[in-house]
Number of protein chains: 2
Amino acid sequence: MLDDRSRKTAPERRESILRAAAEVFGRHGYVGATTDQIAKAAGISQPYVVRLFGSKEALFLAVLRSAKDELLADFRAGLAEARAAGSGIEGTLASLGDRYVELARQRGVHLSLLQAFVQGADPVIGAAARAGYLEIWRFLREEADLTVELAKDFLGQGMLLSVLLSVDMPVLDGDADAHELLIAVCGPKLPLLIEST
Amino acid sequence: MLDDRSRKTAPERRESILRAAAEVFGRHGYVGATTDQIAKAAGISQPYVVRLFGSKEALFLAVLRSAKDELLADFRAGLAEARAAGSGIEGTLASLGDRYVELARQRGVHLSLLQAFVQGADPVIGAAARAGYLEIWRFLREEADLTVELAKDFLGQGMLLSVLLSVDMPVLDGDADAHELLIAVCGPKLPLLIEST
DNA sequence: GTCTATAATACGATAGAC
DNA sequence: GTCTATCGTATTATAGAC
């Protein structure tokens, strides 16, 4: 889990911290995650994490923005693919859904997004989280051209998968009920989510 | 928001703490909420909160159990009502959905549940959260007799509403996109969620 | 570009009085 | 049944060296 310890340029270092922070924030939440855990996961010292981003809050905002951008980029790729294949609404939904499930392989993106959403009471993080959420909604409605009804159902399945990842339901895959639930949400792609770190 | 300051029996006091804690944990999360915030919301001293429940963790587990039990009780009432009315699957789903939305009036239940789900990495809280989640799944499948597909879709809409409450989307009700999204999820019951504390 | 040392604070928990 | 006082610890952030 440790990155290398050699010197890097600041932008490179920011990138590795961002990746490490997405995982740690994703698992422990904005308040629960410590800058020291993030530093260790990135293979550097705690003060340096703070130095490069200014504050824990600024780092979390950077993680939020980056996760949301990654999700939207993947959605746009899926949308382009569906349109190139000439598939209709059904195909578009399937393509977007596939991207969403596949993004779950690096847990960081979905988990840190949900941890941001759950922080609505924080004046600055809450505001950023709401803005990000609406960006995603606008993508579904305007770019992907989904009806309100379809966009809402799609989002619901997304939130369900995110919550299941967050509660770490895959660790209970042995349990019959847990397995039924996971299969219902992920379909045949479930194995993807069991093994990944 | 303060409860009264008179003496109470221990069980009564535990009840008011539980209600206050559900709100505070719901808004700030397990780690972010402080026992002092909870104490102030309940109108007592911080050490007394700890004294009555043993630890912050024990208090959170009590909140989780109580929230889950309230949700299941409401679901059971809705199910009984639907069956008494002789409605089919559609009516059952509508009845359960209504209960879910109405439970959102006291934010505590949905918010603290989601904050528990998001704590999957914590050995003890995560385990309790997973067990609670599966209890709800089993209710939908076995007691309410929903198919896997219907239960999954119902749960998805529930998670979507919970996340929207958690990110505090109702504060943006003026925004056209936010309003469209909220109306899609809550239907005509939306006003219920805007005014409530 | 990165570290060590440390200051400053906030928080959960305990002790003990009333 | 409930409070005040306080200890011990964990954590963010800063200062300054290399």
Side-chain angles (χ1 to χ4, degrees), chain A residues 2-21 23-64 112 115 119 121-125, chain B residues 2-25 27-64 112 115 119 121-125:
Chain A
L2 294 186
D3 270 7
D4 69 24
R5 277 122 202 287
S6 54
R7 284 190 120 111
K8 287 184 175 177
T9 66
E12 285 171 338
R13 194 55 91 183
R14 283 178 60 100
E15 250 320 301
S16 11
I17 296 178
L18 234 33
R19 267 194 302 275
E23 301 275 337
V24 178
F25 277 133
R27 297 216 180 274
H28 304 288
Y30 169 54
V31 188
T34 71
T35 54
D36 192 55
Q37 288 176 306
I38 294 167
K40 287 201 167 64
I44 58 177
S45 72
Q46 179 268 332
Y48 193 32
V49 169
V50 174
R51 172 87 117 208
L52 278 183
F53 286 86
S55 67
K56 183 184 180 180
E57 182 183 76
L59 171 57
F60 189 79
L61 290 173
V63 167
L64 167 56
S112 58
Q115 294 286 1
Q119 221 52 40
D122 181 294
V124 20
I125 292 176
Chain B
L2 292 187
D3 269 7
D4 70 22
R5 277 123 202 290
S6 53
R7 283 188 121 101
K8 289 184 174 177
T9 66
E12 283 171 338
R13 195 54 92 180
R14 283 178 61 101
E15 249 321 300
S16 14
I17 296 178
L18 233 33
R19 266 194 303 275
E23 300 276 336
V24 178
F25 278 133
R27 297 216 178 275
H28 304 288
Y30 169 54
V31 188
T34 70
T35 53
D36 192 55
Q37 288 176 306
I38 294 167
K40 288 200 166 66
I44 57 176
S45 72
Q46 178 268 332
Y48 194 33
V49 169
V50 175
R51 173 85 117 210
L52 277 183
F53 287 85
S55 68
K56 183 184 180 181
E57 182 182 76
L59 171 56
F60 188 79
L61 290 173
V63 167
L64 167 55
S112 59
Q115 294 286 2
Q119 221 51 40
D122 182 294
V124 19
I125 292 176

- Task: Indicate yes or no: at least one non-hydrogen side-chain atom of A/Thr34 is less than 4.5 angstrom from one of A/Gln46.
- Result: no
- Candidates D/dA17, D/dA13, C/dG12 - which lies nearest the side chain of A/Lys56: D/dA13
- Determine whether any donor atom in the side chain of A/Arg7 lies under 3.5 Å from an acceptor atom in the base of C/dT2, or the reverse, and answer yes or no. no
- Message: Is any side-chain heavy atom of B/Leu59 closer than 4.5 Å to one of B/Phe25?
- Response: yes
- Query: Is the distance from OP1 or OP2 of D/dT2 to the nearest side-chain N or O of B/Ser45 less than 4.0 Å?
  - Reply: no
- Task: Specify whether A/Phe60 and A/Tyr30 have parallel, tilted or perpendicular ring planes, treating 30° as the upper limit for parallel and 60° as the lower limit for perpendicular.
- Result: tilted
- Query: Of the nucleotides D/dG1, C/dC11, D/dC3, which one has an atom closest to the side chain of B/Ile44?
  - Reply: D/dC3
- Item | Ion pair B/Glu15/B/Arg19, N-O distance below 4.0 Å | yes
- Message: Closest approach to the side chain of B/Arg13, judged atom by atom: which nucleotide of D/dT2, D/dT11, D/dA13 is it?
- Response: D/dT2
- Query: What is the distance, rounded to the nearest whole Å, between atom CG of A/Leu52 and atom P of C/dG1?
  - Reply: 8 Å
- Query: Can you find an N or O donor on one side and an acceptor on the other, under 3.5 Å apart, linking the side chain of A/Arg51 with the base of D/dG16?
  - Reply: yes
- Message: Over all strands shown, is A/Ala58 touching base, sugar-phosphate only, or nothing at heavy-atom distances under 4.0 angstrom?
- Response: nothing
- Query: Nearest nucleotide by nearest heavy atom, which residue falls closer to the 5' end of DNA chain D, A/Pro47 or A/Gly32?
  - Reply: A/Gly32
- Euclidean distance, atom CD1 of residue B/Ile17 to atom P of D/dC3 [Å, nearest integer]: 9 Å
- Value in whole Å for how far the P atom of D/dT2 lies from CD1 of B/Ile38: 17 Å
- D/dT11 phosphate, OP1 or OP2, under 4.0 Å from A/Thr34 side-chain N/O: no
- Atom-pair distance (CD on B/Gln46; P on C/dA15), nearest Å: 14 Å
- Query: Just how far, in rounded Å, is C1' of C/dT6 from OH of A/Tyr48?
  - Reply: 20 Å
- Close side-chain approach of B/Lys40 to B/Val24, heavy-atom, < 4.5 Å: no
- Whole-Å distance between D/dA10 P and A/His28 NE2? 16 Å
- Message: Expressed as a whole number of angstroms, how long is the span from B/Lys8:NZ to D/dG1:C1'?
- Response: 12 Å
- Calculate the interatomic distance between B/Asp36 atom CG and D/dT2 atom P; express it in whole Å. 17 Å
